[in-house]
Amino acid sequence: MSDSEMRILYVLTDLIAPLVAGYFIHQRKWISDAMMNRVIRFNIIVIYTLLSLLSFWVLKIDWELALVPLFGFFLILFPGAVGQIFFARHYPNPLDRGAYLVSAMLANIGTLGGVCAFILYREQGFAYSQIIGTCQNVALVLLIFPLSQYFYLKATGSTRKSSPLRDFCNLFFSWNQICLLGMAAGIYLNLHGIERPDFLTPAFVWLVHVSAWFAMLPVGYLIDFRHARPYILATKSLYFIRFVVTPAATCLLAYFAFDSATIQNSMLIFASCPTAINAVIAARLYKLNIDLPVASFLATTALYLVLFFPVLFFVLHT
(Lines give C-alpha, C1' and ligand atoms only; values in the text may rest on other atoms or scores of the structure.)
Protein backbone atom coordinates (compact mmCIF):
# COMPACT_ATOMS: atom_id res chain seq x y z
CA MET A 1 0.00 0.00 0.00
CA SER A 2 1.38 3.43 -0.98
CA ASP A 3 1.92 6.24 1.49
CA SER A 4 -0.98 8.20 -0.04
CA GLU A 5 -3.35 5.26 0.30
CA MET A 6 -2.23 4.68 3.88
CA ARG A 7 -2.87 8.30 4.82
CA ILE A 8 -6.35 8.46 3.34
CA LEU A 9 -7.10 5.17 5.09
CA TYR A 10 -6.61 7.06 8.36
CA VAL A 11 -9.89 8.89 7.63
CA LEU A 12 -11.67 5.56 7.88
CA THR A 13 -9.67 3.93 10.68
CA ASP A 14 -9.08 6.96 12.92
CA LEU A 15 -12.18 9.11 12.35
CA ILE A 16 -15.16 7.23 10.96
CA ALA A 17 -14.54 3.89 12.71
CA PRO A 18 -14.43 5.32 16.27
CA LEU A 19 -17.56 7.40 15.58
CA VAL A 20 -19.46 4.28 14.52
CA ALA A 21 -18.01 2.28 17.42
CA GLY A 22 -19.01 4.94 19.95
CA TYR A 23 -22.55 5.04 18.60
CA PHE A 24 -23.01 1.27 18.88
CA ILE A 25 -21.37 1.16 22.32
CA HIS A 26 -24.00 3.62 23.53
CA GLN A 27 -26.84 1.75 21.84
CA ARG A 28 -25.73 -1.56 23.42
CA LYS A 29 -24.92 0.14 26.76
CA TRP A 30 -21.53 -1.56 26.94
CA ILE A 31 -19.87 1.44 28.68
CA SER A 32 -21.30 3.79 31.29
CA ASP A 33 -21.35 7.57 30.97
CA ALA A 34 -18.83 7.79 33.81
CA MET A 35 -16.39 5.51 31.98
CA MET A 36 -16.72 7.52 28.77
CA ASN A 37 -16.02 10.71 30.74
CA ARG A 38 -12.81 9.08 32.00
CA VAL A 39 -11.81 8.35 28.41
CA ILE A 40 -12.32 12.02 27.52
CA ARG A 41 -10.29 13.26 30.48
CA PHE A 42 -7.45 10.79 29.91
CA ASN A 43 -7.19 11.93 26.31
CA ILE A 44 -7.13 15.63 27.24
CA ILE A 45 -4.85 15.37 30.26
CA VAL A 46 -2.36 12.70 29.25
CA ILE A 47 -2.32 12.05 25.51
CA TYR A 48 -2.88 15.64 24.34
CA THR A 49 -0.11 16.85 26.66
CA LEU A 50 2.35 14.31 25.25
CA LEU A 51 1.35 15.12 21.67
CA SER A 52 1.75 18.85 22.29
CA LEU A 53 5.20 18.29 23.75
CA LEU A 54 6.38 16.11 20.86
CA SER A 55 4.91 18.24 18.07
CA PHE A 56 6.15 21.61 19.35
CA TRP A 57 9.58 20.10 19.97
CA VAL A 58 10.21 19.87 16.20
CA LEU A 59 8.01 22.74 14.99
CA LYS A 60 9.72 25.38 12.89
CA ILE A 61 9.50 28.56 14.97
CA ASP A 62 9.61 31.79 12.97
CA TRP A 63 7.70 35.04 12.50
CA GLU A 64 4.94 33.30 10.55
CA LEU A 65 4.13 31.18 13.59
CA ALA A 66 3.11 34.35 15.46
CA LEU A 67 0.32 34.91 12.92
CA VAL A 68 -1.26 31.50 13.46
CA PRO A 69 -3.12 32.51 16.69
CA LEU A 70 -4.61 35.48 14.82
CA PHE A 71 -6.09 33.05 12.32
CA GLY A 72 -7.35 31.02 15.27
CA PHE A 73 -9.51 33.91 16.42
CA PHE A 74 -10.47 34.79 12.83
CA LEU A 75 -11.86 31.26 12.37
CA ILE A 76 -14.21 31.95 15.28
CA LEU A 77 -15.21 35.56 14.70
CA PHE A 78 -15.64 35.51 10.91
CA PRO A 79 -18.16 32.64 10.64
CA GLY A 80 -19.96 34.05 13.67
CA ALA A 81 -20.25 37.45 11.98
CA VAL A 82 -21.53 35.89 8.73
CA GLY A 83 -24.08 33.86 10.68
CA GLN A 84 -25.25 36.86 12.68
CA ILE A 85 -25.55 39.23 9.71
CA PHE A 86 -27.16 36.94 7.15
CA PHE A 87 -28.84 33.98 8.83
CA ALA A 88 -29.47 34.35 12.59
CA ARG A 89 -32.53 36.56 12.05
CA HIS A 90 -34.39 33.51 10.74
CA TYR A 91 -34.41 32.18 14.32
CA PRO A 92 -36.75 34.46 16.33
CA ASN A 93 -36.40 32.38 19.49
CA PRO A 94 -33.21 33.51 21.32
CA LEU A 95 -32.55 29.93 22.45
CA ASP A 96 -32.45 28.84 18.81
CA ARG A 97 -30.47 31.88 17.69
CA GLY A 98 -27.83 31.42 20.38
CA ALA A 99 -27.44 27.74 19.53
CA TYR A 100 -27.11 28.62 15.84
CA LEU A 101 -24.36 31.18 16.45
CA VAL A 102 -22.23 28.96 18.68
CA SER A 103 -22.57 26.22 16.04
CA ALA A 104 -21.30 28.64 13.41
CA MET A 105 -18.40 29.90 15.53
CA LEU A 106 -16.95 26.69 16.97
CA ALA A 107 -15.21 24.22 14.64
CA ASN A 108 -13.75 20.81 15.45
CA ILE A 109 -10.15 21.92 14.85
CA GLY A 110 -8.28 20.61 17.89
CA THR A 111 -9.44 17.02 17.36
CA LEU A 112 -10.66 16.38 13.82
CA GLY A 113 -8.59 19.16 12.24
CA GLY A 114 -5.52 17.92 14.10
CA VAL A 115 -5.82 14.39 12.74
CA CYS A 116 -6.51 15.63 9.20
CA ALA A 117 -3.56 18.04 9.31
CA PHE A 118 -1.37 15.22 10.64
CA ILE A 119 -2.42 12.98 7.74
CA LEU A 120 -1.08 15.57 5.27
CA TYR A 121 1.67 17.37 7.19
CA ARG A 122 2.64 15.17 10.12
CA GLU A 123 3.88 16.84 13.33
CA GLN A 124 3.93 20.33 11.83
CA GLY A 125 0.28 20.23 10.80
CA PHE A 126 -0.75 18.78 14.15
CA ALA A 127 1.10 21.52 16.04
CA TYR A 128 -0.73 24.23 14.11
CA SER A 129 -4.04 22.60 15.02
CA GLN A 130 -3.13 22.77 18.70
CA ILE A 131 -2.39 26.49 18.46
CA ILE A 132 -5.75 27.08 16.78
CA GLY A 133 -7.43 24.78 19.32
CA THR A 134 -5.96 26.83 22.18
CA CYS A 135 -7.44 30.00 20.65
CA GLN A 136 -10.81 28.27 20.56
CA ASN A 137 -10.51 27.35 24.24
CA VAL A 138 -9.82 31.00 25.11
CA ALA A 139 -12.74 32.18 22.97
CA LEU A 140 -14.98 29.53 24.53
CA VAL A 141 -14.48 31.13 27.94
CA LEU A 142 -14.29 34.81 27.01
CA LEU A 143 -16.85 34.91 24.18
CA ILE A 144 -18.95 31.79 23.60
CA PHE A 145 -20.08 31.21 27.19
CA PRO A 146 -21.03 34.88 27.79
CA LEU A 147 -22.81 34.93 24.42
CA SER A 148 -24.72 31.78 25.32
CA GLN A 149 -25.67 33.27 28.67
CA TYR A 150 -26.86 36.45 26.93
CA PHE A 151 -29.29 34.51 24.71
CA TYR A 152 -30.50 32.46 27.66
CA LEU A 153 -31.23 35.62 29.66
CA LYS A 154 -32.87 37.24 26.64
CA ALA A 155 -35.18 34.25 26.27
CA THR A 156 -36.10 33.86 29.94
CA GLY A 157 -35.48 37.25 31.53
CA SER A 158 -34.04 35.37 34.50
CA THR A 159 -30.67 35.60 36.20
CA ARG A 160 -28.10 32.89 36.67
CA LYS A 161 -26.58 32.42 40.12
CA SER A 162 -22.95 32.08 39.23
CA SER A 163 -19.63 33.66 40.12
CA PRO A 164 -17.81 34.96 37.02
CA LEU A 165 -14.46 34.79 38.85
CA ARG A 166 -15.07 31.22 39.94
CA ASP A 167 -16.19 30.18 36.44
CA PHE A 168 -13.12 31.87 34.94
CA CYS A 169 -10.74 30.11 37.33
CA ASN A 170 -12.38 26.73 36.87
CA LEU A 171 -12.15 26.95 33.08
CA PHE A 172 -8.65 28.42 32.78
CA PHE A 173 -6.91 26.72 35.70
CA SER A 174 -7.97 23.12 35.42
CA TRP A 175 -6.48 19.81 34.37
CA ASN A 176 -8.14 20.31 30.98
CA GLN A 177 -5.59 23.04 30.20
CA ILE A 178 -2.49 21.03 31.13
CA CYS A 179 -1.62 20.46 27.46
CA LEU A 180 -0.41 24.09 27.51
CA LEU A 181 2.47 22.87 29.66
CA GLY A 182 3.28 20.31 26.98
CA MET A 183 3.38 23.09 24.39
CA ALA A 184 5.63 25.21 26.60
CA ALA A 185 8.00 22.30 27.28
CA GLY A 186 8.20 21.47 23.57
CA ILE A 187 8.95 25.10 22.64
CA TYR A 188 11.62 25.26 25.39
CA LEU A 189 13.41 22.16 24.08
CA ASN A 190 13.06 23.44 20.53
CA LEU A 191 14.53 26.89 21.22
CA HIS A 192 17.42 25.43 23.24
CA GLY A 193 18.49 23.25 20.34
CA ILE A 194 17.78 19.92 22.04
CA GLU A 195 16.97 17.46 19.26
CA ARG A 196 14.08 15.08 19.66
CA PRO A 197 15.26 11.44 19.73
CA ASP A 198 14.44 9.47 16.59
CA PHE A 199 12.58 6.75 18.49
CA LEU A 200 9.92 9.29 19.51
CA THR A 201 8.76 9.75 15.90
CA PRO A 202 6.92 6.39 15.68
CA ALA A 203 5.69 6.96 19.24
CA PHE A 204 4.13 10.25 18.12
CA VAL A 205 2.36 8.55 15.19
CA TRP A 206 1.01 5.86 17.48
CA LEU A 207 -0.24 8.46 19.98
CA VAL A 208 -2.08 10.37 17.21
CA HIS A 209 -4.02 7.21 16.34
CA VAL A 210 -4.85 6.54 20.00
CA SER A 211 -5.86 10.17 20.55
CA ALA A 212 -8.15 10.12 17.50
CA TRP A 213 -9.97 7.07 18.85
CA PHE A 214 -10.24 8.48 22.36
CA ALA A 215 -11.57 11.78 20.95
CA MET A 216 -14.04 10.48 18.37
CA LEU A 217 -15.36 7.52 20.37
CA PRO A 218 -17.16 9.76 22.92
CA VAL A 219 -18.53 11.88 20.07
CA GLY A 220 -20.15 8.83 18.52
CA TYR A 221 -21.38 7.90 21.98
CA LEU A 222 -23.27 11.23 22.22
CA ILE A 223 -25.03 10.98 18.86
CA ASP A 224 -28.83 10.99 19.07
CA PHE A 225 -30.35 10.87 15.58
CA ARG A 226 -33.93 10.87 16.81
CA HIS A 227 -33.84 14.37 18.31
CA ALA A 228 -31.40 15.92 15.84
CA ARG A 229 -33.04 14.75 12.60
CA PRO A 230 -35.65 17.58 12.32
CA TYR A 231 -32.85 20.20 12.40
CA ILE A 232 -30.60 18.66 9.73
CA LEU A 233 -32.17 20.62 6.86
CA ALA A 234 -33.04 23.63 9.03
CA THR A 235 -29.33 24.31 9.58
CA LYS A 236 -28.28 24.09 5.92
CA SER A 237 -26.94 27.66 6.02
CA LEU A 238 -24.25 26.38 8.42
CA TYR A 239 -22.98 24.10 5.67
CA PHE A 240 -22.54 27.18 3.48
CA ILE A 241 -20.65 28.98 6.25
CA ARG A 242 -18.45 26.01 7.16
CA PHE A 243 -17.59 24.72 3.68
CA VAL A 244 -17.80 27.74 1.35
CA VAL A 245 -17.54 31.21 2.90
CA THR A 246 -15.06 30.57 5.72
CA PRO A 247 -12.64 28.41 3.67
CA ALA A 248 -12.69 30.93 0.81
CA ALA A 249 -11.97 33.92 3.07
CA THR A 250 -9.29 32.02 5.01
CA CYS A 251 -7.59 30.80 1.84
CA LEU A 252 -7.36 34.36 0.54
CA LEU A 253 -5.96 35.75 3.80
CA ALA A 254 -3.51 32.87 4.27
CA TYR A 255 -2.16 33.38 0.75
CA PHE A 256 -1.12 36.93 1.63
CA ALA A 257 -0.09 36.23 5.24
CA PHE A 258 2.10 33.14 4.82
CA ASP A 259 4.85 32.11 2.44
CA SER A 260 4.75 28.50 3.61
CA ALA A 261 2.40 26.31 1.59
CA THR A 262 2.15 23.98 4.57
CA ILE A 263 0.70 26.71 6.78
CA GLN A 264 -1.57 27.98 3.99
CA ASN A 265 -2.99 24.52 3.38
CA SER A 266 -3.29 23.76 7.09
CA MET A 267 -5.36 26.93 7.55
CA LEU A 268 -7.64 25.76 4.73
CA ILE A 269 -8.09 22.39 6.45
CA PHE A 270 -8.98 24.10 9.74
CA ALA A 271 -11.28 26.66 8.10
CA SER A 272 -13.43 23.90 6.63
CA CYS A 273 -13.69 21.82 9.81
CA PRO A 274 -17.23 20.88 10.92
CA THR A 275 -19.09 22.15 13.96
CA ALA A 276 -17.37 21.27 17.23
CA ILE A 277 -18.83 19.22 20.04
CA ASN A 278 -18.08 22.25 22.28
CA ALA A 279 -21.07 23.95 20.62
CA VAL A 280 -23.23 21.18 22.08
CA ILE A 281 -21.58 21.63 25.48
CA ALA A 282 -22.21 25.40 25.45
CA ALA A 283 -25.84 24.86 24.47
CA ARG A 284 -26.30 22.33 27.25
CA LEU A 285 -24.66 24.51 29.90
CA TYR A 286 -26.82 27.54 29.12
CA LYS A 287 -30.05 25.72 28.24
CA LEU A 288 -30.10 26.72 24.58
CA ASN A 289 -31.66 24.51 21.91
CA ILE A 290 -29.21 21.59 22.12
CA ASP A 291 -30.72 19.68 19.17
CA LEU A 292 -29.63 22.38 16.72
CA PRO A 293 -25.85 22.12 17.39
CA VAL A 294 -26.14 18.33 17.57
CA ALA A 295 -27.73 18.31 14.11
CA SER A 296 -25.09 20.71 12.79
CA PHE A 297 -22.32 18.59 14.29
CA LEU A 298 -23.68 15.38 12.75
CA ALA A 299 -24.35 16.79 9.28
CA THR A 300 -21.17 18.86 8.90
CA THR A 301 -18.98 16.07 10.29
CA ALA A 302 -20.47 13.56 7.86
CA LEU A 303 -19.96 15.93 4.91
CA TYR A 304 -16.39 16.70 5.99
CA LEU A 305 -15.33 13.07 6.41
CA VAL A 306 -17.12 11.63 3.39
CA LEU A 307 -16.69 14.45 0.87
CA PHE A 308 -14.81 17.59 1.82
CA PHE A 309 -11.60 16.27 3.38
CA PRO A 310 -11.07 13.47 0.80
CA VAL A 311 -11.27 16.16 -1.92
CA LEU A 312 -8.86 18.37 0.03
CA PHE A 313 -6.51 15.43 0.49
CA PHE A 314 -6.24 14.68 -3.22
CA VAL A 315 -5.94 18.37 -4.14
CA LEU A 316 -3.33 19.27 -1.51
CA HIS A 317 -1.40 16.00 -1.65
CA THR A 318 -0.74 16.17 -5.39
Determine, using the 4.5 Å side-chain heavy-atom cutoff (strictly less than), whether [X] and [Y] are members of one ILVMFWY cluster.
| X | Y | value |
| --- | --- | --- |
| L51 | F199 | yes |
| W206 | W57 | yes |
| L252 | L77 | no |
| V244 | Y255 | no |
| W30 | V39 | yes |

Please tell me if the side chains of [X] and [Y] come closer than 4.5 Å, counting only heavy atoms from C-beta onward.
| X | Y | value |
| --- | --- | --- |
| L305 | L19 | yes |
| K236 | F240 | no |
| L101 | Q84 | yes |
| M105 | L143 | yes |
| L238 | F243 | no |
| Y152 | P94 | no |
| T49 | S52 | no |
| L303 | P274 | no |

Least distance between heavy atoms, [X] atom then [Y] atom:
| X | Y | answer |
| --- | --- | --- |
| L292 | S103 | CD2-OG, 4.0 Å |
| P69 | A66 | CD-O, 3.3 Å |
| F309 | C116 | CE1-CB, 3.4 Å |
| S266 | Y128 | OG-CD1, 3.9 Å |
| G98 | L288 | C-CD1, 3.7 Å |
| A21 | L217 | CB-CD1, 3.8 Å |

Without swapping roles, check the side chain of [X] against the backbone of [Y] for a donor-acceptor pair under 3.5 Å.
| X | Y | result |
| --- | --- | --- |
| R97 | R89 | no |
| W213 | T13 | yes |
| S272 | P247 | no |

Counting the benzene-type ring for Trp, do [X] and [Y] have ring centres under 6.0 Å apart?
| X | Y | result |
| --- | --- | --- |
| F74 | F78 | yes |
| Y100 | Y91 | yes |
| F126 | F204 | yes |
| F71 | F258 | yes |

Enclosure of E195 CD (heavy-atom neighbours >12, cutoff 6.0 Å): no
Determine, step by step, whether T300 and N108 satisfy the side-chain contact (heavy atoms from CB on, under 4.5 Å) criterion, reporting the C-alpha distance in whole Å, the side-chain angles of both residues, the deciding distance to 0.1 Å, and the verdict. CA-CA 10 Å; T300 56; N108 195 353; over 6 Å; no
For Y231 and N289, does a side-chain donor sit closer than 3.5 Å to a side-chain acceptor? yes
Distance-only donor-acceptor check, side chains T201 and R122, under 3.5 Å: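 No, no side-chain donor-acceptor contact under 3.5 Å.
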Is it the case that R38 places NZ or CZ above or below the six-membered ring of F42, under 6.0 angstrom from the centre and within 45 degrees of the axis?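 Negative - R38 is either too far from the ring of F42 or too far off its axis.
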Spacing of [X] atom [atom1] and [Y] atom [atom2] [to the nearest 0.5 Å]:
| X | Y | atom1 | atom2 | answer |
| --- | --- | --- | --- | --- |
| L207 | L50 | CG | CG | 6.0 Å |
| T235 | D291 | OG1 | CG | 11.0 Å |
| H192 | I187 | NE2 | CD1 | 12.5 Å |
| L75 | L106 | CG | CG | 11.5 Å |
| T246 | I76 | OG1 | CD1 | 11.5 Å |
| N265 | F270 | CG | CZ | 10.5 Å |

Might you work through the side chain to side chain donor-acceptor pair (under 3.5 Å) test for R242 and S296, ending with a clear yes or no? CA-CA 10 Å; R242 294 253 62 93; S296 176; over 6 Å; no
Show your reasoning for whether side-chain contact (heavy atoms from CB on, under 4.5 Å) applies to K154 and L95. CA-CA 8 Å; K154 190 172 183 179; L95 299 180; over 6 Å; no
Where do L53 and M183 land on the side-chain contact (heavy atoms from CB on, under 4.5 Å) test, with the steps shown first? CA-CA 5 Å; L53 167 64; M183 293 181 191; over 6 Å; no
Sort out for me which residue in L312, V311, V306 forms a side chain to side chain contact (heavy atoms under 4.5 Å, CB included) with F308. L312
Intermediate values then yes/no, side-chain contact (heavy atoms from CB on, under 4.5 Å), I269 and Y121: CA-CA 11 Å; I269 292 171; Y121 302 115; 4.2 Å; yes
